[in-house]
Structures are given as C-alpha cells and as structure tokens.
Engineer: 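Have a look at the structure that comes next, please.
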Amino acid sequence: MKAITTDSYGDPDVLALADQPDPKVAPDSVLIRVKAAGVNPVDWKILAGYLDPIMHVHFPLIPGWDVAGVVEAVGMDATEYRVGDEVMGYVRKDEVQHGTFAELVAAPVRTLARKPAALDWRQAAGVPLAGLTAYQALKRIGVGGGDTVLVHAAAGGVGAFAVQIAVAWGARVIGTAGEHNHDFLRSLGAEPVTYGEGLADRVRALAPDGVDAAADFVGGEAVDVSQQVLKDPKRVASVVDNEVVGKGGHLVWVRPDSADLTALADLADAGKLTVNIDTALPLAQAAEAFRRSQSGRARGKIVLDLS
Ligand SMILES: NC(=O)c1ccc[n+]([C@@H]2O[C@H](COP(=O)([O-])OP(=O)(O)OC[C@H]3O[C@@H](n4cnc5c(N)ncnc54)[C@H](OP(=O)(O)O)[C@@H]3O)[C@@H](O)[C@H]2O)c1
C-alpha cells in the first residue's frame with residue numbers, strides 16, 4: 001500500500017509518500033480501506049518529537065490518528081463489523097507507528113463507530129479526534145441545559161465541535177475567535193467574542209452574572225480568563241494547559257471511545273452537528289496539510305482525501 005512515512009522526527013518536509021507492507025489485522029481489529037484521514041495538531045507535534053517523553057514512537061512512522069473508510073477485512077473476533085461497513089475512528093494505539101495517512105489501516109474495534117450518513121467522507125474523517133475531545137471535555141465539566149459555556153478557540157477543529165455539542169445539549173455558548181470567524185461562530189450557534197486583551201470584560205458584557213463552565217482549546221491566558229468569569233472556578237477544562245489542574249480545573253486527554261463516537265454520529269444524523277472543511281488535500285500533499293495545521297488558523301478541519 002501507499003502511505004505517508006518518515007524515518008525520523010522532523011518538520012513536515014521529512015514526510016514522503018512510499019510503499020509500505022499492508023497492515024496485519026489483529027483478532028479484535030478490522031482492516032479499513034481509507035477514504036479520508038483527518039489531520040490534527042498532534043500529528044505535527046508527534047513528528048516534531050514533542051510527545052517522545054510520554055509515548056513510544058517507532059520508525060518508519062506512518063502518522064495520523066483519524067480515519068473514515070470502508071471495512072475491507074475483519075479480525076478473527078471483530079464481530080461488531082462486516083466487510084463493506086462504513087466506519088470512522090480515532091485510531092490511537094498504545095504505541096505510535098502504523099497511522100491512518102495510508103491507503104489501508106488496521107483499527108481496533110474499540111476505536112471505531114459507524115460513519116454517520118449525514119456526513120461525507122471528508123467530514124466523517126474530521127470528527128473522531130476533535131469531536132471526541134470536545135465531547136469528553138464538555139462532559140468533564142458537566143455541561144448541560146441552561147448552562148452558559150465559554151469556548152476558547154471556538155472556530156478551530158475542536159472548538160467548532162464543542163460549540164455545536166454544547167448547543168445540542170441546551171447550553172448557551174460564548175465562543176472566542178478572530179473577527180474573521182465571528183459569522184462562522186454565529187452559524188454554529190455561538191455568540192462570538194474577540195480574544196486578546198480585555199477578553200474577560202467582553203465576556204462579562206455578554207454574561208454579567210458570569211459563565212457556568214469554560215473549555216480551553218488554545219492555552220495562553222484562556223484558563224486565567226476563564227477563572228475570572230466563572231461562577232465556580234473549578235468548572236474549567238483545558239486540553240493544552242497542564243497547569244489547569246493546579247488551578248482547580250481539569251486536564252483532558254482525549255480517549256478512543258466507541259460509545260462517545262457513536263453519540264457524535266447520532267448528533268450528526270440528527271442534523272445537530274456538521275463539519276466545516278478548512279482544507280482537503282490528496283494523500284501525497286500531507287506535508288502541506290501539516291503546515292496548514294501549524295498555522296493555527298484552520299476554520300474547522302483539515303483532511304487528506306483518498307476517495
Ligand atoms: N489534550 C487533547 O486530548 C487534545 C485533543 C485535541 C486537540 N488538542 C490541542 O488543542 C489545540 C486545538 O486543537 P484544534 O484541532 O482545535 O486546533 P486548530 O484547528 O488548529 O485551531 C485553530 C483555531 O484556533 C483559533 N485560535 C488561534 N489562536 C487563538 C486564540 N489565542 N484564542 C482563540 N482562538 C484562537 C483560530 O481561530 P482564529 O483564526 O479566529 O484566531 C483557529 O480557528 C491544539 O493545541 C491541539 O494540539 C489537545
């Protein structure tokens with residue numbers, strides 16, 4: 001099969017399209033013919049070596065954790081799926097090597113859910129990692145009906161999911177973004193505010209009694225600003241700022257979870273969750289997709305299209 005590979009850590013220039021052996025299919029896994037693969041900031045962070053202290057990364061490395069595609073073969077005891085099923089998954093395994101930026105990927109069934117009919121391949125490939133991150137972060141801080149929620153980086157891959165999920169759960173959402181993204185946030189159901197100096201005042205202008213919960217998908221001042229406007233400073237989750245724990249909040253590191261991913265698929269099929277594709281590129285242009293992710297300016301998701 002063709003796959004994006006690298007023999008070393010580095011910047012996106014080290015990525016190359018190469019022939020690799022087809023993956024072996026473990027008993028609890030299925031083989032997926034990849035239709036599209038979502039690109040996330042963690043992909044270039046792994047490539048840069050940033051996760052080396054906490055994860056075993058093996059070379060040659062095929063990057064990528066997000067996938068949408070068609071089941072081509074099933075493992076000996078992967079009874080949940082049949083050949084021909086359309087699936088999506090956040091295929092993070094315990095060690096990092098055989099990723100999704102390839103024509104074929106072997107995925108443990110615990111990482112998968114059925115692809116929602118309402119989304120096309122590109123959109124489905126953008127859901128798993130970012131959608132699960134948003135879902136699990138909002139769950140952690142107990143977001144529900146009647147809450148006012150502050151979402152930092154609301155126009156990004158994770159943030160756009162968080163806005164839609166919180167709205168679907170009956171919350172009012174205030175989302176931070178640059179002004180060029182304010183109409184986009186409104187289209188998702190959020191009230192936009194511009195980030196940067198004075199953010200806490202701008203949030204207070206919209207929510208004079210304070211917000212009930214806050215989710216940080218960007219870091220920097222987001223946790224501190226959140227705690228200035230939260231009624232309960234413990235109801236903040238961050239996926240980027242480790243210091244949130246010492247400040248009484250929650251650090252979230254997204255986990256593969258079939259039930260959570262199915263819940264996201266159900267929201268999509270109910271018309272409550274969609275995916276804006278910022279950039280779609282062929283597999284061979286993975287390096288360009290990584291550079292777009294590194295820009296920090298994506299509106300929604302970046303994907304590799306193999307269909
Ligand atoms: N711990 C975990 O499990 C986990 C999981 C997923 C992601 N993450 C991390 O979470 C971060 C976000 O991921 P992502 O996929 O959403 O990234 P992304 O799609 O690249 O985010 C891009 C968005 O960030 C916005 N942005 C940039 N600076 C901002 C600021 N200071 N305030 C508000 N918005 C800002 C941009 O909006 P504007 O153009 O309007 O500025 C853009 O829409 C990354 O660092 C990623 O590694 C962690």
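Both ligands and their constituent atoms are indexed starting at 1 by order of listing.
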Engineer: Show the atoms of ligand 1 that are less than 4.0 angstrom away from any heavy atom in H180.
Structural biologist: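 Here the atoms of ligand 1 in question are 38 (P), 39 (O), 40 (O).
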Engineer: Could you say whether the N/O atoms of V42 and ligand 1 ever approach to under 3.5 Å?
Structural biologist: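 There is no such contact.
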Engineer: For A298 and ligand 1, does the shortest N/O to N/O distance drop below 3.5 Å?
Structural biologist: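 For ligand 1, there is an N or O atom that lies under 3.5 Å from one belonging to A298.
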Engineer: Check whether any side-chain N or O of R110 sits under 3.5 Å from a backbone N or O of P256 as a donor-acceptor pair, and report yes or no.
Structural biologist: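 No; judged by distance alone, with no hydrogens or angles, the pair does not exist.
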Engineer: Between T176, L132, V158, flag the one that comes closest to atom 14 (P) of ligand 1 by a heavy atom.
Structural biologist: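 Result: the heavy atom closest to atom 14 (P) of ligand 1 is in V158.
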Engineer: Determine yes or no for a side-chain-to-main-chain donor-acceptor pair under 3.5 angstrom, with R202 supplying the side chain and V193 the backbone.
Structural biologist: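 It does not hold such a pair.
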Engineer: Can you see whether D257 engages Q136 through a side-chain donor-acceptor pair at a distance of less than 3.5 angstrom?
Structural biologist: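 No.
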Engineer: Of the protein's non-hydrogen atoms, which lies at the shortest distance from atom 5 (C) of ligand 1, and what is that distance?
Structural biologist: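 Answer for atom 5 (C) of ligand 1: T133 OG1, 3.2 Å.
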Engineer: Check whether Q123 reaches the backbone of V275 with its side chain - one donor and one acceptor, N or O, closer than 3.5 Å.
Structural biologist: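 Yes, because the side chain of Q123 sits within donor-acceptor range (under 3.5 Å) of the backbone of V275.
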Engineer: To which protein heavy atom is atom 34 (N) of ligand 1 closest, and what is the distance rounded to 0.1 Å?
Structural biologist: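 Looking only at protein heavy atoms, the one closest to atom 34 (N) of ligand 1 is A153 CA, 3.2 Å.
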Engineer: I'd like to check whether V254 has a polar contact with ligand 1, where a contact means an N/O of the residue lying under 3.5 Å from an N/O of the ligand.
Structural biologist: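 Right, the criterion is met.
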Engineer: Out of G157, G220, S295, S238, who is nearest to atom 18 (P) of ligand 1 when you count heavy atoms only?
Structural biologist: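 Selected option, by shortest heavy-atom distance: G157.
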Engineer: Between Q227 (side chain) and K247 (backbone), is there a donor-acceptor pair under 3.5 Å?
Structural biologist: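 Side chain of Q227 to backbone of K247, a donor-acceptor pair under 3.5 Å: yes, one is there.
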Engineer: So for ligand 1, is V218 a polar contact partner (N or O within less than 3.5 Å, distance only)?
Structural biologist: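 Looking only at distances, the answer is no, because the N/O contact criterion of under 3.5 Å is not met.
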Engineer: Go through the side-chain N and O atoms of R299 and N181 and say whether any donor and acceptor fall under 3.5 Å apart.
Structural biologist: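 Side-chain D/A pair, R299 to N181: present.
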Engineer: Just by modelled atom types, is the D13 backbone N or O under 3.5 Å from a matching donor or acceptor in the D11 side chain?
Structural biologist: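 Confirmed, D11 side chain pairs with D13 backbone.
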Engineer: Give the atom numbers and elements of ligand 1 that come within less than 4.0 Å of a heavy atom of A155.
Structural biologist: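 Checking each atom against A155, I get 43 (O).
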Engineer: Can you find a non-hydrogen atom of H152 under 4.0 Å from ligand 1?
Structural biologist: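 Judged by the 4.0 Å heavy-atom criterion, H152 does not count as contacting ligand 1.
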Engineer: Consider every N or O of V252 and every N or O of ligand 1, then say whether any pair is closer than 3.5 Å.
Structural biologist: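 Checking ligand 1 against V252, an N or O pair does fall under 3.5 Å apart.
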Engineer: Would you say the side chain of L230 lies within less than 4.5 Å of the side chain of V236, judging by non-hydrogen atoms?
Structural biologist: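 V236 reaches L230 side chain to side chain.
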Engineer: In the protein, which heavy atom is nearest to atom 38 (P) of ligand 1, and how far is it?
Structural biologist: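 It is N181 ND2, 3.5 Å.
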Engineer: For atom 9 (C) of ligand 1, what is the closest protein heavy atom, and at what distance to 0.1 Å?
Structural biologist: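 The closest one turns out to be V240 CG1, 3.5 Å.
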Engineer: Are there over 12 heavy-atom neighbours, none belonging to E221, within less than 6.0 Å of that residue's CD?
Structural biologist: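 No, the 6.0 Å shell around CD holds no more than 12 heavy atoms from other groups.
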Engineer: If we only count N/O pairs under 3.5 Å, is K45 in contact with ligand 1?
Structural biologist: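 Between K45 and ligand 1, an N or O pair is found under 3.5 Å apart.
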Engineer: Between M88 and L112, is any pair of side-chain heavy atoms under 4.5 Å apart?
Structural biologist: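 No; the side chains remain at least 4.5 Å from each other.
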Engineer: Under 4.0 Å from a heavy atom of L129: which atoms of ligand 1 are those, numbered in the order shown and with their elements?
Structural biologist: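 Once the distances to L129 are compared, the set is 5 (C), 6 (C).
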Engineer: Counting only nitrogen or oxygen atoms and a 3.5 angstrom limit, does P41 reach ligand 1?
Structural biologist: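 Looking only at distances, the answer is no, because the N/O contact criterion of under 3.5 Å is not met.
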Engineer: Looking only at side-chain N and O atoms, does D66 offer a donor or acceptor that is under 3.5 Å from a partner on Y90?
Structural biologist: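 Looking only at side-chain atoms, D66 and Y90 do not form any donor-acceptor pair under 3.5 Å.
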Engineer: Taking the side chain as everything from C-beta on, heavy atoms only, tell me whether E72 gets closer than 4.5 Å to L104.
Structural biologist: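 Of all side-chain heavy-atom pairs linking L104 with E72, at least one is under 4.5 Å.
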Engineer: Which atoms of ligand 1 sit under 4.0 Å from any heavy atom of A177?
Structural biologist: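 So the answer, numbered in order with elements, is 40 (O).
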Engineer: Ignoring angles and geometry beyond distance, decide whether R297 reaches within less than 3.5 Å of ligand 1 through its nitrogen or oxygen atoms.
Structural biologist: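 Between R297 and ligand 1 (N or O atoms, distance only) the closest approach is under 3.5 Å.
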Engineer: Provide the number and element of each atom of ligand 1 under 4.0 Å from a heavy atom of G156.
Structural biologist: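 Counting from 1, the qualifying ligand atoms are 16 (O), 19 (O), 21 (O), 22 (C), 23 (C), 43 (O).
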Engineer: Quick one: does S258's side chain have a donor or acceptor within less than 3.5 Å of a partner on V109's backbone?
Structural biologist: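 Between the backbone of V109 and the side chain of S258 there is a qualifying donor-acceptor contact (under 3.5 Å).
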Engineer: When you compare the side chains of W121 and S307, does any donor N or O come within less than 3.5 Å of an acceptor on the partner?
Structural biologist: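 Short answer, no.
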Engineer: For atom 33 (C) of ligand 1, find the nearest protein heavy atom and state the residue, atom name and distance (0.1 Å precision).
Structural biologist: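 Here the closest protein heavy atom is Y195 CD2, 3.0 Å.
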Engineer: If you have a sec, work out which protein heavy atom is nearest atom 40 (O) of ligand 1 and how many Å separate them, to one decimal?
Structural biologist: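 Residue, atom and distance for the closest contact: G178 N, 2.7 Å.
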Engineer: Could you tell me whether the side chain of D212 and the main chain of V143 form a donor-acceptor pair under 3.5 Å?
Structural biologist: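 No: the side chain of D212 does not pair with the backbone of V143.
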Engineer: For G296, counting its heavy atoms only, list the atoms of ligand 1 lying under 4.0 Å from any of them.
Structural biologist: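 Near G296, meaning under 4.0 Å from one of its heavy atoms, ligand 1 has 22 (C), 23 (C), 24 (O), 25 (C), 27 (C), 36 (C), 42 (C).
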Engineer: Using a heavy-atom cut-off of under 4.0 Å, does the side chain or the backbone of V239 touch ligand 1, or both, or neither?
Structural biologist: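 It is both parts that get close, each with some atom under 4.0 Å.
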Engineer: Return the residue, atom name and 0.1 Å-rounded distance of the protein heavy atom closest to atom 12 (C) of ligand 1.
Structural biologist: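 Ranking protein heavy atoms by distance from atom 12 (C) of ligand 1, first comes F217 O, 3.1 Å.
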